[in-house]
Amino acid sequence: MTTTDMPRKVDTGPGRPVRKKRSSGSATGGLRRAVAPTTLLWVLAALYGVPVLWFVLSSLKPAGDLFSLPLTVFPEDPTVSGYKEAWASANFSEYFINTTIVCVIATILTVGVSCCTGYALAKYDNKWLKAFFLCVLATTMLPAEVMLAPLFLVVRDLGFYNSLSGIILPALLTATGCFMFRQFFLTVPDELIEAARIDGAKELSIFLRIMVPLSRPIMLTLAILSFQWRWNDYIWPLLMLNDPEKFTVQIGIQSLVGAQNINWSVLLGGSVISMVPLIVVFLVFQKYVMNADINAGLKD
């Protein structure tokens with residue numbers, strides 16, 4: 001046998017893995033498939049980002065340059081006079097304190113009540129619970145304006161008119177929060193709960209020590225949404241409050257609007273100031289939501 005006929009020795013030692021070549025066709029095909037979704041995402045980002053950028057840049061323009069023709073995106077002479085005048089004319093420090101109290105308390109209570117309600121609706125089989133869930137979902141089919149009058153009468157008769165408690169109370173139970181938690185708890189295997197009951201765990205212990213830790217991603221998501229809802233709420237605090245010392249941020253911004261004319265530079269500056277806490281909250285908590293594993297601890 002010549003040397004050319006001898007079989008080649010394949011170097012496949014136990015410590016050396018065999019390398020697999022990636023075909024250039026599959027890489028090119030994957031790149032082509034990624035072009036369309038990436039382009040669509042950039043278009044959507046531009047549609048949402050350009051108005052916000054225009055809004056922020058306009059707040060840095062003097063009042064006389066906002067409606068000058070031709071319109072310009074970037075301010076020729078940037079100024080922060082609108083921010084200073086907005087902060088001086090409106091008691092933003094007190095508005096921030098009132099709104100923060102409402103948002104923090106309402107968010108904690110909303111997440112707690114929604115978590116308990118969603119767990120009961122998902123893991124307990126009762127016809128009355130099913131009827132209650134249908135009633136909760138039915139509230140999403142009604143415009144918010146339809147419920148303002150009866151809700152105002154209830155809160156007023158309870159003695160919470162012209163108080164921050166009157167703003168917090170209607171936010172305890174939301175259909176969105178109940179639905180989010182119910183759908184999540186439905187994905188948790190019933191065998192996990194049965195195993196905990198066999199080990200002697202009580203119902204409250206199962207909920208607090210097993211279900212609540214598993215639902216942390218949903219809790220954080222709902223907390224961000226609830227904080228945003230309460231911070232941007234305008235109509236309900238406007239109906240409920242008549243004491244300027246208890247006004248929230250959105251009512252404070254409305255006070256910047258004059259009866260005869262509107263100083264747009266001041267109004268834009270105050271609006272940007274009101275956006276800062278929401279941006280900070282989102283930047284702080286988004287990593288916990290994006291990196292959370294919703295199915296952590298669950299195995300089939």
Side-chain angles (χ1 to χ4, degrees), residues 102-148 150-155 158 160 165-233 236 285-286 288-300:
V102 171
C103 291
V104 172
I105 297 177
T107 298
I108 294 175
L109 294 178
T110 299
V111 172
V113 174
S114 299
C115 185
C116 297
T117 307
Y119 175 70
L121 294 173
K123 294 304 179 183
Y124 291 101
D125 188 11
N126 188 287
K127 62 179 181 179
W128 298 112
L129 285 176
K130 295 179 181 179
F132 175 73
F133 179 61
L134 292 177
C135 293
V136 172
L137 286 183
T139 60
T140 62
M141 305 176 188
L142 297 175
E145 292 77 7
V146 175
M147 303 177 62
L148 286 177
L151 191 60
F152 175 81
L153 295 177
V154 172
V155 175
L158 291 175
F160 294 127
S165 301
I167 305 176
I168 298 173
L169 184 62
L172 293 183
L173 185 64
T174 61
T176 303
C178 293
F179 184 77
M180 290 173 59
F181 277 101
R182 178 183 179 272
Q183 295 304 113
F184 171 75
F185 286 130
L186 285 176
T187 63
V188 178
D190 294 335
E191 291 79 5
L192 183 65
I193 301 176
E194 294 298 331
R197 290 170 179 168
I198 293 174
D199 290 340
K202 302 297 183 182
E203 294 297 323
L204 184 60
S205 178
I206 294 174
F207 174 71
L208 295 178
R209 300 178 63 180
I210 298 178
M211 293 300 172
V212 171
L214 288 177
S215 63
R216 186 177 66 174
I218 307 300
M219 297 176 68
L220 292 174
T221 304
L222 181 60
I224 294 176
L225 294 176
S226 178
F227 192 92
Q228 179 184 0
W229 294 337
R230 303 287 82 80
W231 190 275
N232 291 328
D233 196 4
W236 181 246
F285 289 102
Q286 70 164 344
Y288 298 104
V289 178
M290 301 299 292
N291 296 334
D293 186 5
I294 295 181
N295 295 322
L298 302 182
K299 294 182 180 181
D300 293 335

*Closest non-hydrogen atom pair between Ser226 and Ala106, with its separation*: OG-O, 4.2 Å

*Using atom types as modelled and distance alone, determine if a side-chain donor or acceptor of Ser165 lies under 3.5 Å from a backbone N or O of Phe160.*
no

*Is there a donor-acceptor pair closer than 3.5 Å between any side-chain N or O of Thr187 and the backbone N or O of Phe184?*
yes

_Minimal non-hydrogen separation, Lys123 against Val188, with atom names_ = NZ-O, 2.6 Å

*State the CD-CD1 distance between Glu191 and Ile198, to the nearest 0.5 angstrom.*
10.5 Å

*CA sep, side-chain torsions, deciding dist, call: Ser114, Thr174, side-chain contact (heavy atoms from CB on, under 4.5 Å)*: CA-CA 7 Å; Ser114 299; Thr174 61; 4.0 Å; yes

*asked:* Classify the ring geometry of Phe185 against Phe207: parallel below 30°, tilted from 30° to 60°, perpendicular beyond 60°.
replied: tilted

*What do the steps show when you test Thr117 against Arg182 for side-chain contact (heavy atoms from CB on, under 4.5 Å), and what is the final call?*
CA-CA 8 Å; Thr117 307; Arg182 178 183 179 272; over 6 Å; no

*Side-chain donor/acceptor of Asn126 to backbone N/O of Trp128, under 3.5 Å*: yes

*Given the rule in the side-chain contact (heavy atoms from CB on, under 4.5 Å) test, do Phe132 and Leu121 qualify, once you have shown the distances and angles that lead to the verdict?*
CA-CA 9 Å; Phe132 175 73; Leu121 294 173; 4.1 Å; yes

*Heavy atoms only: give me the nearest Trp236-Gly166 pair and the separation to one decimal.*
NE1-O, 3.1 Å

*Residue that, paired with Cys178, satisfies side chain to side chain contact (heavy atoms under 4.5 Å, CB included) out of Leu173, Thr139, Leu222*: Leu173

*Flag yes if more than 12 heavy atoms outside Arg197 fall under 6.0 Å of its CZ atom; otherwise flag no.*
yes

*Using the side-chain contact (heavy atoms from CB on, under 4.5 Å) rule, take Arg230 and Ile167 through it: C-alpha gap first, then chi angles, then the decisive distance, then the call.*
CA-CA 9 Å; Arg230 303 287 82 80; Ile167 305 176; 5.7 Å; no

*asked:* Is there a side-chain contact between Val212 and Met219 in this structure, where contact means two heavy atoms from C-beta onward sitting under 4.5 Å apart?
replied: yes

